Amino acid sequence: QVQLVESGGGLVQAGGSLRLSCAASGRIFSSSTMGWFRQAPGKEREFVAAIRWSGGYTYYSDSVKGRFTISRDNAKNTVYLQMNSLKPEDTANYYCAVSNFISMATMPENYSYWGQGTQVTVSS
C-alpha cells in the first residue's frame, strides 16, 4: 500500500507561481514512477509530469513543458511540482500518483495509488 498526501494548491494570478508537494509513504521502490495529473471540471484527467524515483528521469506534457518542473527528495519521500508562468487554463484539481509497474507512465490507468488532490486556481 502507498499513501499520498498533496499540498500547496491555492489561488494565484496569471503569470504567478505555485509549488505543489506530494508526501509519500508505504511501498515506494527505486523503479517506481511518480506522476502528477490534473482534472478540470467536465474534463478527463490529464497527464502533467512524471519522474522516476531512482535516477530522476523526467517527462512532461507539451502543455506544461518549459513552465513546470517535477523533482523529488528521496530523503523526505516527497515529490514536488514547481509551476511557473501559470495560465488560467492550468486551473484544475492536481493529483499525484504512483506507478510501481509501468516506467514513466502517462496514462491514469497505469497508476495504482492516488492522493486526494489539491486545487489550483489561476485568475486572469
Side-chain angles (χ1 to χ4, degrees):
Q1 288 290 343
V2 175
Q3 293 78 42
L4 302 169
V5 179
E6 301 101 332
S7 61
L11 174 64
V12 65
Q13 288 188 334
S17 299
L18 281 175
R19 189 178 80 156
L20 305 183
S21 300
C22 174
S25 60
R27 296 173 62 84
I28 303 293
F29 306 108
S30 60
S31 58
S32 296
T33 292
M34 307 291 291
W36 283 100
F37 289 78
R38 64 187 182 187
Q39 188 167 19
K43 294 189 176 182
E44 294 186 352
R45 193 162 294 191
E46 173 191 19
F47 171 77
V48 174
I51 187 167
R52 183 87 178 271
W53 196 251
S54 173
Y57 303 104
T58 59
Y59 184 72
Y60 299 90
S61 69
D62 287 343
S63 62
V64 307
K65 196 176 298 181
R67 299 188 299 123
F68 291 10
T69 302
I70 188 171
S71 62
R72 88 268 189 249
D73 184 332
N74 289 24
K76 295 183 178 179
N77 266 15
T78 299
V79 175
Y80 303 98
L81 185 68
Q82 178 67 43
M83 306 185 295
N84 298 330
S85 301
L86 282 161
K87 305 175 182 179
E89 51 263 45
D90 294 318
T91 295
N93 205 1
Y94 282 70
Y95 300 87
C96 69
V98 173
S99 176
N100 284 334
F101 301 104
I102 307 294
S103 180
M104 305 305 285
T106 61
M107 302 297 290
E109 53 264 36
N110 293 139
Y111 286 79
S112 303
Y113 304 100
W114 293 82
Q116 81 289 349
T118 185
Q119 179 66 36
V120 171
T121 303
V122 184
S123 63
S124 56

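Note that the structure is a prediction, hence the values are computed from the model and not measured.
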Not counting sequence neighbours, which residues clear salt bridge (charged side-chain N to carboxylate O under 4.0 Å, His left out) with Lys65? List them please. Asp62
Any link between [X] and [Y] through a network of hydrophobic side chains (Ile, Leu, Val, Met, Phe, Trp, Tyr) touching at under 4.5 Å?
X	Y	result
Phe37	Leu20	no
Val48	Tyr113	yes
Met34	Val2	yes
Met83	Val79	yes
Ile51	Leu18	yes

Decide yes or no for [X] and [Y]: does some side-chain heavy atom of the first lie under 4.5 Å from some side-chain heavy atom of the second?
X	Y	result
Ser17	Gln82	yes
Leu81	Val64	no
Arg72	Trp53	yes
Arg38	Ser61	no

If I compare all heavy atoms of [X] with all of [Y], which pair ends up nearest, and what's the gap?
X	Y	answer
Thr78	Ser21	CG2-CB, 4.3 Å
Ala24	Leu4	CB-CD2, 3.6 Å
Ala14	Pro88	CB-CD, 4.1 Å
Cys22	Trp36	CB-CZ2, 3.7 Å

Could you check Gln3 against Gln1 for side-chain contact (heavy atoms from CB on, under 4.5 Å), going step by step and ending with a plain yes or no? CA-CA 7 Å; Gln3 293 78 42; Gln1 288 290 343; 3.7 Å; yes
What's the separation between atom [atom1] in [X] and atom [atom2] in [Y], rounded to the nearest 0.5 Å?
X	Y	atom1	atom2	value
Glu6	Cys96	CD	SG	4.0 Å
Arg45	Asn93	CZ	CG	8.0 Å
Thr33	Ile28	OG1	CD1	10.5 Å

For Leu86 and Phe68, run side-chain contact (heavy atoms from CB on, under 4.5 Å): C-alpha distance rounded to whole Å, both residues' side-chain angles, the deciding distance at 0.1 Å, then the answer. CA-CA 9 Å; Leu86 282 161; Phe68 291 10; 3.8 Å; yes
Residues two or more places apart in sequence or in another chain: which of them pass side chain to side chain donor-acceptor pair (under 3.5 Å) with Ser54? none
Is the Trp114 ring parallel, tilted or perpendicular to the Tyr95 ring (thresholds 30°, 60°)? perpendicular
Walk me through whether Glu89 and Val122 qualify under side-chain contact (heavy atoms from CB on, under 4.5 Å). CA-CA 8 Å; Glu89 51 263 45; Val122 184; over 6 Å; no
Think Arg52 forms a cation-pi with Tyr57, using NZ or CZ under 6.0 Å from the six-ring centre and within 45 degrees of its axis? no
Solution key, residues 97-112 side-chain donor-acceptor pairs under 3.5 Å, sequence neighbours excluded:
{"residue": "Ser99", "atom": "OG", "partner": "Ile102", "partner atom": "N", "Å": "3.2"}
{"residue": "Ser99", "atom": "OG", "partner": "Ile102", "partner atom": "O", "Å": "3.1"}
{"residue": "Ser99", "atom": "OG", "partner": "Asn110", "partner atom": "O", "Å": "2.9"}
{"residue": "Asn100", "atom": "OD1", "partner": "Ser32", "partner atom": "OG", "Å": "2.4"}
{"residue": "Asn100", "atom": "ND2", "partner": "Arg27", "partner atom": "O", "Å": "3.3"}
{"residue": "Tyr111", "atom": "OH", "partner": "Ala105", "partner atom": "O", "Å": "2.6"}

Test Ser63 against Glu46 for side-chain contact (heavy atoms from CB on, under 4.5 Å), laying out the working first. CA-CA 10 Å; Ser63 62; Glu46 173 191 19; 3.7 Å; yes
